[in-house]
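Naming convention: chains lettered A, B, ... in sequence-line order (proteins, then strands); numbering from 1 in each chain.
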Protein chains: 2
Amino acid sequence: MNLCIAADLPAQYIHLMADTASNKPVTIKSIAKELGISFSTVSKALNNNPLVKEETRRLVLDTAKEMGYTPNSLAKGLRSNSTKTIAVIFNDIENPALTYIFRNISIEMANHGYTTMIFDSQFSEKQELANILTVLSRQPDFVILEPTTTNPENLNLLSGITQKLILQGARYESVNCHHVHVDYAQGGYMAACEMLSKGHRDCLVITTPLTIPISSQFVIGIKRAFEEYGVPFHDDMIKDTCNSSIMGGFQIMNELWDHESGRFSVPFTGVLTFDDTLAHGVYKAASQFGLRVPEDISVIGFDDNPLSAFSMPPLTTIHLPREKMAESCISILNAVLLENRTDTCVFSLEPYLVQRSSVYNLYKKK
Amino acid sequence: MNLCIAADLPAQYIHLMADTASNKPVTIKSIAKELGISFSTVSKALNNNPLVKEETRRLVLDTAKEMGYTPNSLAKGLRSNSTKTIAVIFNDIENPALTYIFRNISIEMANHGYTTMIFDSQFSEKQELANILTVLSRQPDFVILEPTTTNPENLNLLSGITQKLILQGARYESVNCHHVHVDYAQGGYMAACEMLSKGHRDCLVITTPLTIPISSQFVIGIKRAFEEYGVPFHDDMIKDTCNSSIMGGFQIMNELWDHESGRFSVPFTGVLTFDDTLAHGVYKAASQFGLRVPEDISVIGFDDNPLSAFSMPPLTTIHLPREKMAESCISILNAVLLENRTDTCVFSLEPYLVQRSSVYNLYKKK
DNA sequence: TTGTACGCGTTATCAA
DNA sequence: TTGATAACGCGTACAA
């Protein structure tokens with residue numbers, strides 16, 4: 001890394017910088033003074049108020065452009081009680097499914113003059129609290145939250161804006177607001193069934209902490225599958241981590257690996273992970289321990305990261321309906337923000353299994 | 001997708017909602033009225049101003065908490081001329097390297113009370129303009145921009161805040177502001193050298209439009225390598241797309257593919273892409289056309305997406321120093337925002353080649 | 001130690 | 001058609 005202090009400054013910019021440095025920021029008042037008219041007229045002109053003469057309007061618009069006028073959103077928001085801001089609070093914005101959803105909401109709503117802010121709770125209830133407080137202080141017009149907990153403490157802070165709130169992920173019966181519900185239990189169930197149907201009775205589960213509603217649902221679905229198959233499932237097969245990454249998944253595998261005996265301290269043939277990145281941590285561990293996927297370890301992910309299809313082997317995973325999640329959020333935002341609808345929407349979305357090649361069929365004859 | 005209207009509402013929330021719906025938002029004024037003191041005393045107490053009696057301070061703090069007081073950032077920002085906001089404008093926030101950088105900045109600066117907003121320019125100069133205007137209107141304390149163009153029109157809008165501006169990516173000599181410069185030319189050079197050294201004289205280049213400074217640099221580096229190797233390179237081997245995704249990469253390959261003859265309309269043995277996602281589009285095309293990577297097509301990516309290491313075959317790529325890019329930004333932010341330093345920093349960062357298995361050595365004996 | 005007055009940039013109401 | 005004025009919530013001199 002190379003640090004140096006820039007010294008050379010082309011001439012044409014010196015003028016510009018001096019200009020803007022010395023001058024106060026240009027406001028409707030400074031435009032008014034420049035033109036010798038009242039600032040309320042300037043305001044009207046800028047807002048295309050028909051009460052101002054076309055000639056004046058043009059003049060104001062031109063001068064504003066010339067002076068480099070930038071409206072002050074703070075003042076606007078303070079006065080009008082609308083900041084044209086949407087706040088999104090997700091658990092992990094590095095998860096590409098969530099990034100996708102955020103990006104699509106952001107781009108779509110920008111067409112209507114809204115700015116979308118994103119906050120990362122890092123699977124932490126405490127961080128979520130901090131995020132909610134920050135968000136609230138910024139007076140957003142709408143909040144989208146993927147909760148870290150069913151504990152109503154954080155959620156209650158949002159009770160004043162339930163008409164302008166989407167809870168994403170699990171279903172929160174106690175809060176009467178919009179929901180974009182994804183059936184993570186069904187996802188876990190399908191993943192587990194895929195394992196069980198191919199003879200994997202001993203499965204490790206790697207997930208984010210079970211205090212997180214969506215991971216809790218995921219595990220509930222897994223247990224339901226084991227029950228239906230009449231296969232016992234022990235809670236100590238569940239390993240959790242806040243580090244939803246390749247390293248996070250790897251570390252859990254590594255802790256279980258006994259380097260002396262060259263085997264895992266608990267026996268299992270399959271691993272169910274709560275996202276594709278964790279699944280790749282399993283891949284990494286397998287490769288490091290000289291194990292083959294899927295012959296020695298079968299793996300199923302969650303999310304359906306676009307790159308997972310190209311992995312060696314292609315990762316069987318649960319597809320998270322990211323497109324529909326984004327669409328659902330956008331349709332609610334449109335209804336509330338643009339059409340002033342007041343009804344409460346609940347979308348229920350289903351994930352589905354994408355069969356690829358990371359699950360070995362133990363019933364298959366060799 | 002299943003849409004229904006929520007009707008059931010647990011009793012405990014009805015009270016809460018009625019409460020917050022009927023009550024005005026709680027401000028320092030309402031706290032003052034509640035307590036029968038002046039709102040300026042409340043303000044002082046809330047800001048831990050030592051001029052207020054400890055007893056009063058405690059009382060105010062307690063009442064504020066009880067009433068559910070949320071400070072209004074807009075009013076604060078308007079008054080204090082500091083919004084505690086950092087704005088980041090990137091070309092494609094779905095690129096995991098950029099998401100990583102944004103997330104790390106966001107989490108770090110949140111510890112100091114700053115909120116970081118992100119905007120996506122989608123490789124479009126027009127969208128960048130819209131983003132800059134939006135950003136400016138929101139009065140951020142700092143702006144980080146990955147420019148879409150060397151055209152000074154958009155950059156000039158930021159000339160008033162050069163002390164609070166980082167330009168990321170290429171080097172913009174004309175603007176005297178902080179830089180986090182990554183040598184994309186060197187990256188392109190290394191990628192091309194890797195191809196050429198293994199005998200690939202005919203290479204396709206898939207990149208975002210060359211109007212984007214960083215892709216332009218990338219191509220410059222590639223050309224330098226070809227020149228050094230004395231191998232001719234034709235500009236029509238460069239294909240660009242704004243769709244930096246698997247599909248984007250696939251579509252370009254598909255357009256070149258002649259389904260009748262079962263070969264490409266232009267001959268090449270190697271493909272250099274400007275990011276790993278595009279490279280996977282090449283993988284997809286190869287698989288669809290019955291071609292093998294790397295035996296029939298060699299591919300080198302850019303970015304070093306963590307999952308690329310697991311691809312079939314593992315993708316040779318140029319590692320973008322995301323950690324150092326984030327660190328550099330953070331260190332500038334700390335210097336300017338927290339330490340009030342006024343010097344201009346220029347970080348120069350180098351990408352490096354990560355050799356994996358997606359490049360075939362044509363010199364190798366079969 | 002507390003209260004008063006003003007201003008930040010804007011919009012909206014009302015009077016001229 | 002335009003201008004003066006109040007208000008949004010907050011911070012801060014300055015006065016009490």
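- Other residues, nucleotides and ligands contribute more than 12 heavy atoms inside 6.0 Å of the CD atom of A/Glu339.
- B/Leu46 has its side chain out of reach of B/Ser43: every pair of non-hydrogen atoms, C-beta onward, lies at least 4.5 Å apart.
- Atom CZ of A/Arg138 and atom C1' of D/dG9 are 15 Å apart (whole Å).
- No side-chain heavy atom of B/Phe90 sits under 4.5 Å from any side-chain heavy atom of B/Ser121.
- Separating the CG atom of B/Asn48 from the P atom of D/dG11 is a distance of 12 Å, rounded to the nearest angstrom.
- Distances shorter than 4.0 Å separate none of the side-chain N or O atoms of A/Thr41 from OP1 or OP2 on D/dT2.
- Side-chain contact between B/Thr344 and B/His179 is absent, with no heavy atoms from C-beta onward closer than 4.5 Å.
- Taking the C1' atoms of five terminal pairs at each end of the helix from C/dT1-D/dA16 to C/dA16-D/dT1, the two resulting helix axes are inclined by 50°, rounded to 10°.
- The minimum heavy-atom distance between B/Thr83 and B/Pro140, with the atom names listed, is OG1-CA, 3.6 Å.
- Taking the ring centre of A/Phe142 as origin, the terminal cationic atom of A/Lys164 falls outside the region bounded by 6.0 Å and 45° from the ring axis.
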Reading 5' to 3' through nucleotides 7-16 of chain C, protein heavy-atom contacts under 4.0 Å coded B for base, S for sugar-phosphate only, - for none: BBBBBB----

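- Salt bridge absent: B/Arg58 and B/Glu55 never bring a charged side-chain N and a carboxylate O closer than 4.0 Å.
- Of the residues listed (B/His178, B/Met109, B/His112, B/Glu108), the one engaging B/Leu333 in a side chain to side chain contact (heavy atoms under 4.5 Å, CB included) is B/Met109, and it is the only one.
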